[in-house]
Amino acid sequence: MSGTRSTRAHSTRARSAHTRTRTRAALFTVPLVATAVLGTAAAPAGAAPSYPATSLTCRGKGVDPDALVRHRTETVIHAPLRTIWKLQTDVERWPSWQAGVTTMDRLDDGPFRKGSAFRWTTPVPPNPSTPATSLEITSTVEQIKRHSCIRWTGPAIGEGLRIDGVHVWNFTKIKGGVRVSTEETHTGAEVEADVPTATKLLRQGLETWLRDLKTAAEAAAHHRPY
């Protein structure tokens, strides 16, 4: 009997370890941003995490207030607001400045507006449990105010993984450039299984996005100054 209990306990521990391995590996696909280099991403110059009492909003709507996984950060970009806005809302061109976006498909036509939707993929690196694969993300714009804010939501689906995200962006003109602030929340069993790790990776991903946006916008501004 003791041998049976020992075998069952060993089996339970093995399954738990396998689940943790898969969960941690899956977490490397978050957040809902294009970044294949989360582990080596550095914060953009001027980026600073922020944890204010109130969340970012767009037309009165913010991130998920009940989400356990969340992060907010911002940076100053020395480029015209119109340049930054164009880069961010011309989603079909994301692969040209975000290395982690492998495919992008705009699901509607015309101006980027409330109701616009786009489906994109980002790679999932190989790990001891699963081979290299990709995460498919479908984002829908819920609120938008031109040159001011965007809020989109949507699921990210991968093998054995689902993350529901809410992402808010604010753009504020300041002297010499634009302060870009972003906040995102994630919900889902996989990320909620290890909130500290998921939050850390969310932070790295948001800073990567800001870094890439800053680099692309300032390069464009250099070639076509104010």
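In this chain, residues are counted from 1 in sequence order.
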(request) Could you please spell out the steps behind the side chain to side chain donor-acceptor pair (under 3.5 Å) verdict for Thr103 and Trp120? (result) CA-CA 5 Å; Thr103 68; Trp120 46 295; over 6 Å; no

(message) For a 4.5 angstrom cut-off between non-hydrogen side-chain atoms, does Thr187 reach Val69?
(response) no

[X] side chain to [Y] backbone, donor-acceptor under 3.5 Å:
X	Y	value
Ser96	Arg93	yes
Lys61	Glu142	no
Glu183	Leu56	yes
Thr122	Gly100	yes
Thr83	Ala79	no
Arg59	Ile144	yes

(request) Tell me yes or no: between the side chains of Trp209 and Gln88, is some donor less than 3.5 Å from an acceptor? (result) yes

(message) When you compare the side chains of Thr121 and Ser134, does any donor N or O come within less than 3.5 Å of an acceptor on the partner?
(response) no

Atom [atom1] of [X] and atom [atom2] of [Y]: how far apart are they, to the nearest 0.5 Å?
X	Y	atom1	atom2	value
Lys114	Arg151	NZ	CZ	10.0 Å
His186	Leu68	NE2	CG	13.0 Å
Glu136	Arg119	CD	CZ	5.5 Å
Asp66	Thr185	CG	OG1	9.5 Å
His78	His222	NE2	NE2	15.0 Å
Met104	Asp90	CE	CG	9.5 Å

(request) For the pair Trp97 and Trp94, name the ring-plane relationship: parallel under 30°, tilted 30 to 60°, perpendicular over 60°. (result) perpendicular

Can you give me every donor-acceptor pair (side chain of residues 173-182, partner residue at least two apart or in another chain, under 3.5 Å) with its distance?
residue, atom, partner, partner atom, Å
Ser181, OG, Glu74, OE1, 3.1
Thr182, OG1, His167, NE2, 2.6
Thr182, OG1, Val168, O, 3.3

(message) As a quick check of understanding, evaluate salt bridge (Lys or Arg N to Asp or Glu O under 4.0 Å) for Arg203 and Glu207, giving each step before the final call.
(response) CA-CA 6 Å; Arg203 173 183 58 80; Glu207 289 173 353; 3.5 Å; yes

If I compare all heavy atoms of [X] with all of [Y], which pair ends up nearest, and what's the gap?
X	Y	value
Ala117	Thr140	CB-OG1, 4.0 Å
Arg70	Thr199	O-CG2, 3.5 Å
Val76	Glu218	O-OE2, 4.2 Å
His71	Leu202	N-CD2, 3.5 Å

(request) State which residues pass side chain to side chain contact (heavy atoms under 4.5 Å, CB included) with Arg106; sequence neighbours excluded, sorted by chain then number. (result) Val91, Glu92, Asp108, Phe112, Arg113, Ser116

(request) Treating Ile, Leu, Val, Met, Phe, Trp and Tyr as nodes and any side-chain heavy-atom pair under 4.5 angstrom as an edge, say whether Leu161 and Val195 lie in one connected cluster. (result)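 Same hydrophobic cluster.
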
(request) Give a yes or no on whether Ile157 and Ile163 share a hydrophobic cluster (residues Ile, Leu, Val, Met, Phe, Trp, Tyr; joining criterion: side-chain heavy atoms under 4.5 Å apart). (result) no

(request) In sequence, state the C-alpha distance, the side-chain angles, and the governing distance for Ile84 and Lys86, and then conclude on side chain to side chain contact (heavy atoms under 4.5 Å, CB included). (result) CA-CA 5 Å; Ile84 300 167; Lys86 177 66 174 177; over 6 Å; no

(request) Start with the C-alpha gap between Phe118 and Thr138, add the side-chain angles, then the distance that decides, and say whether side chain to side chain contact (heavy atoms under 4.5 Å, CB included) holds. (result) CA-CA 6 Å; Phe118 46 102; Thr138 303; over 6 Å; no

(message) Ring centroids only, cut at 6.0 angstrom: are Trp169 and Trp85 within range, meaning strictly under it?
(response)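 Between Trp85 and Trp169, which both carry aromatic rings, the centre distance is not below 6.0 Å.
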
(request) Please collect all disulfide (SG to SG under 2.5 Å) contacts where either partner lies in residues 148-182, sequence neighbours excluded, each pair once. (result)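 Residue pairs with at least one partner in residues 148-182: Cys58-Cys149.
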
